[in-house]
Amino acid sequence: MLLSFELGTKADNVVIERADGNENSVRIEFYVLDRLTNKVLSPLPIAKQLQKKASQSDKLFHFDVEQVDTVVCQETCSGHGKCNVTTKRCVCDSFWIENPFKAYFGSKETNCDWSLIYVVVVSIVLAVILAVVLWACVCLLRRSALLGAF
């Protein structure tokens, strides 16, 4: 079985729950069972492994890969939110927001890392620093213009 080969496990460890498809696409829902302990392995590392393989070659099982994801939402939302089952994105608690750098550029995982209060405070501090620097530049330019007039 190609799926067990891609996962690096024995064929009898992969249990296919559902497989749908047509000539353009295929959807496979499966889980991996540890036959020694008879426990289902965590789906997140398996999905990440398949995502990594798909991103390296753009093909998996001789199909173009559109998406590799878990059926159940596995995101922890940094402990500051709940995972939306439909979108598999974090819905942050009050006063928490998503870290856009991590969500869109870094690991591309949905999260609730940033406290809104800290973001507002840092934004205000940066605005004040920018205003002071601009004010200092204006004062220096005026002073140099006054000194140049004499």
Side-chain angles (χ1 to χ4, degrees), residues 2-9 14 17-34 37 39-150:
L2 287 173
L3 189 57
S4 60
F5 175 75
E6 291 289 343
L7 294 172
T9 187
V14 178
E17 288 275 299
R18 192 170 98 191
D20 301 330
N22 57 38
E23 65 274 354
N24 297 325
S25 67
V26 65
R27 176 186 172 117
I28 303 170
E29 291 181 13
F30 67 94
Y31 60 92
V32 180
L33 190 63
D34 182 351
T37 61
K39 290 185 179 179
V40 175
L41 298 180
S42 175
L44 204 53
I46 294 167
K48 288 190 184 299
Q49 179 183 352
L50 289 174
Q51 287 168 346
K52 184 178 178 183
K53 287 187 180 208
S55 69
Q56 291 170 347
S57 69
D58 290 336
K59 288 196 180 285
L60 198 59
F61 321 122
H62 306 292
F63 289 98
D64 292 330
V65 177
E66 184 177 311
Q67 179 180 1
V68 175
D69 207 350
T70 58
V71 174
V72 178
C73 191
Q74 299 289 317
E75 298 295 339
T76 63
C77 301
S78 311
H80 302 291
K82 302 280 186 253
C83 191
N84 182 312
V85 179
T86 307
T87 63
K88 296 194 178 102
R89 302 223 21 109
C90 290
V91 177
C92 299
D93 294 338
S94 298
F95 302 108
W96 290 93
I97 59 174
E98 187 170 58
N99 174 349
F101 300 107
K102 186 176 178 183
Y104 299 106
F105 304 112
S107 61
K108 298 194 178 189
E109 291 180 6
T110 181
N111 62 77
C112 294
D113 283 348
W114 287 5
S115 169
L116 185 60
I117 294 168
Y118 293 146
V119 170
V120 169
V121 168
V122 168
S123 298
I124 290 171
V125 168
L126 289 175
V128 168
I129 289 171
L130 180 64
V132 168
V133 168
L134 289 175
W135 177 76
C137 289
V138 168
C139 287
L140 287 174
L141 289 173
R142 280 187 179 170
R143 186 174 179 190
S144 66
L146 288 174
L147 291 175
F150 290 109

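Looking at residues two or more places apart in sequence or on another chain, you find a side-chain contact (heavy atoms from CB on, under 4.5 Å) between V128 and I124, V132. Legend: residues meeting side-chain hydrogen bond (donor to acceptor under 3.5 Å, both in side chains) with E75, ordered by chain and number and at least two apart, are absent. Listed by chain and number, the residues in a side-chain hydrogen bond (donor to acceptor under 3.5 Å, both in side chains) with D113 are S78, K102 (sequence neighbours excluded). D93 pairs by the side-chain hydrogen bond (donor to acceptor under 3.5 Å, both in side chains) definition with nothing, not counting sequence neighbours.
When all heavy atoms of S144 and L141 are compared, the pair lying nearest together is OG-O, 3.0 Å. The shortest non-hydrogen separation linking N111 to N99 is OD1-N, 2.8 Å.
The side chain to side chain donor-acceptor pair (under 3.5 Å) analysis of residues 117-137, with sequence neighbours excluded, yields no pairs. Listed by first and then second residue, the ring-ring contact (aromatic ring centres under 6.0 Å, His included) pairs involving residues 67-97 are H80-W96 (not counting sequence neighbours).
For the atom pair CD of E109 and CD of E98, the computed distance is 11.0 Å after rounding to the nearest 0.5 Å.
Between C83 and C77, the gamma sulfurs sit at a distance of 2.5 angstrom or greater.
A 4.5 Å side-chain heavy-atom check between C92 and W114 finds every atom pair outside the cut-off.
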